[in-house]
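Below is one structure, written out as structure tokens, with a few remarks after it.
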Amino acid sequence: MRGQHSSYGDGLSSPRVCAVVVAGGSGQRFGNPGGKQLVDVAGRPLVSWCLEAFDRAAHVGHIVVVCPEERREEMRRLAVVPFAFTTPVTFANAGVTRQDSTDAGVDAVPAGFDIVAIHDGARPLITPEAIDHAIEELLADQGLDGVVCGQPAIDTLKVVGADGGIEDTPPRSRFWTVQTPQIIRLDAMRRAHAAAVEAGFVGTDDSSLVERFGGRMRCVETSRDNIKVTVPEDLLLVTAMLKARIHAR
């Protein structure tokens, strides 16, 4: 059951967060020419698990799915229609690069929303609780432009040269591994994308665009099981974890 929409403390009770689920990858590393978003995982398409999490998140009022135009109807038929989500779902066309795709998704956010939650459609283990927690962290600080889900690094880090030689071992206390969703105020995200296009800058993630533009971002700790399906072997772990969640319901 979907959570109840809660107040933002400003007299409004309707969600003002739009999720943008980027599902436009080619599946090159995964080895599937049709991409991995519709691969069966624990009995349903991989991307549908992401959509369910955002559908159940209390603060999310709309979902934009970014995918290739030629796969839109297939995506709707297999990953949206069978699950009767209560949150409206619309589509935007994927671009050549991931940055192009997120830009298209952000452009497709309907009027009336002022925060965007950008998520990689290949991370099916995200939970509604993690989404709402990150959104609430942003809402609690009006000086923030956005928050990024992730965790403090636990592995030792090495700076390695082109020849494989170790050049440095920095202290890991200030390093995080970051994931999605990345939840960003819509105006800041749109300005950052426009500035990146003008400068020809390609970031490693959406947060890096906002950081470059001078925005204030913060990391929010979420569960380490929010892994990304990149290669076929990842499906074994993800499937096992999803089945365990289903069993625990």
Side-chain angles (χ1 to χ4, degrees), residues 2 18-57 60 62-95 97-98 100-102 104-105 108 116-131 134 149-150 177-183 205-206 222-249:
R2 181 177 175 145
C18 178
V20 170
V21 177
V22 183
S26 64
Q28 190 170 24
R29 283 179 292 177
F30 187 77
N32 182 354
K36 58 200 168 191
Q37 291 80 16
L38 294 176
V39 169
D40 184 277
V41 181
R44 54 191 284 185
L46 185 152
V47 73
S48 72
W49 292 104
C50 305
L51 301 181
E52 179 182 76
F54 283 99
D55 178 63
R56 294 175 58 203
V60 175
H62 193 95
I63 301 169
V64 174
V65 177
V66 184
C67 69
E69 184 176 10
E70 64 272 16
R71 302 203 71 191
R72 179 181 295 191
E73 288 310 311
E74 181 185 23
M75 184 78 68
R76 188 195 308 275
R77 176 171 53 85
L78 297 178
V80 179
V81 173
F83 304 102
F85 299 128
T86 60
T87 306
V89 178
T90 55
F91 288 82
N93 294 335
T97 66
R98 187 187 187 282
D100 292 335
S101 293
T102 57
V116 61
I118 302 170
H119 187 64
D120 194 326
R123 293 188 186 273
L125 291 169
I126 191 63
T127 65
E129 294 79 14
I131 295 166
C149 292
T177 56
V178 300
Q179 304 161 347
T180 63
Q182 299 192 354
I183 300 163
D205 64 356
D206 297 289
T222 50
S223 173
R224 292 185 183 275
D225 65 11
N226 182 27
I227 64 174
K228 181 179 179 181
V229 174
T230 304
V231 294
E233 304 92 274
D234 296 331
L235 288 177
L236 297 174
L237 177 58
V238 168
T239 299
M241 296 180 74
L242 284 169
K243 286 184 175 179
R245 289 183 184 179
I246 294 167
H247 182 72
R249 287 179 178 176

Is there a donor-acceptor pair closer than 3.5 Å between any side-chain N or O of Lys36 and the backbone N or O of Ala122?
no

What do the steps show when you test Met75 against Val89 for side-chain contact (heavy atoms from CB on, under 4.5 Å), and what is the final call?
CA-CA 11 Å; Met75 184 78 68; Val89 178; over 6 Å; no

Could you work out, with side chain to side chain donor-acceptor pair (under 3.5 Å) as the rule, every residue matching Gln182, not counting sequence neighbours?
Asp205

Would you mind reporting whether Ile118 and Thr180 have side-chain heavy atoms less than 4.5 Å apart?
no

Min side-chain heavy-atom separation Val41-Trp49 under 4.5 Å:
yes

Is the closest side-chain donor-acceptor distance between Thr97 and Asp100 under 3.5 Å?
yes

So, taking the atom named CG in Asn93 and the one named CD in Glu70, what distance separates them when rounded to the nearest 0.5 Å?
8.5 Å

Do Phe83 and Glu52 pass the side-chain contact (heavy atoms from CB on, under 4.5 Å) test, and can you show the C-alpha distance, the side-chain angles, and the key distance before you say yes or no?
CA-CA 8 Å; Phe83 304 102; Glu52 179 182 76; 6.0 Å; no

Of Asp120, Thr222, Leu125, Ile126, the one forming a side-chain contact (heavy atoms from CB on, under 4.5 Å) with Gln179 is Thr222

Test your reading of the model: is there a side-chain donor-acceptor pair from Arg245 to the backbone of Arg249, 3.5 Å cut-off?
no

Expected output: side-chain Thr239 to main-chain Leu235 donor-acceptor under 3.5 Å:
yes

Beyond-backbone contact of Gln37 with Cys67, side-chain heavy atoms, under 4.5 angstrom
no

Side-chain donor/acceptor of Arg123 to backbone N/O of Asn226, under 3.5 Å
yes

Mind checking what makes side chain to side chain donor-acceptor pair (under 3.5 Å) contact with Asp234, not counting sequence neighbours?
none

Is the backbone of Gly24 close enough, under 3.5 Å, to the side chain of Ser101 for a donor and an acceptor to pair up by distance?
no

Side-chain heavy-atom pair Val229, Ile227 within 4.5 angstrom cut-off:
no

Sorted by chain and number, sequence neighbours left out, salt bridge (charged side-chain N to carboxylate O under 4.0 Å, His left out) with Glu69 holds for none

Does a side-chain heavy-atom distance below 4.5 Å link His62 with Thr90?
yes

OG of Ser48 to CZ of Phe85, rounded to nearest 0.5 Å, is 6.0 Å

Would you say that Pro124 contacts Val238 through its side chain, given a criterion of any heavy-atom pair below 4.5 Å between the two side chains?
yes

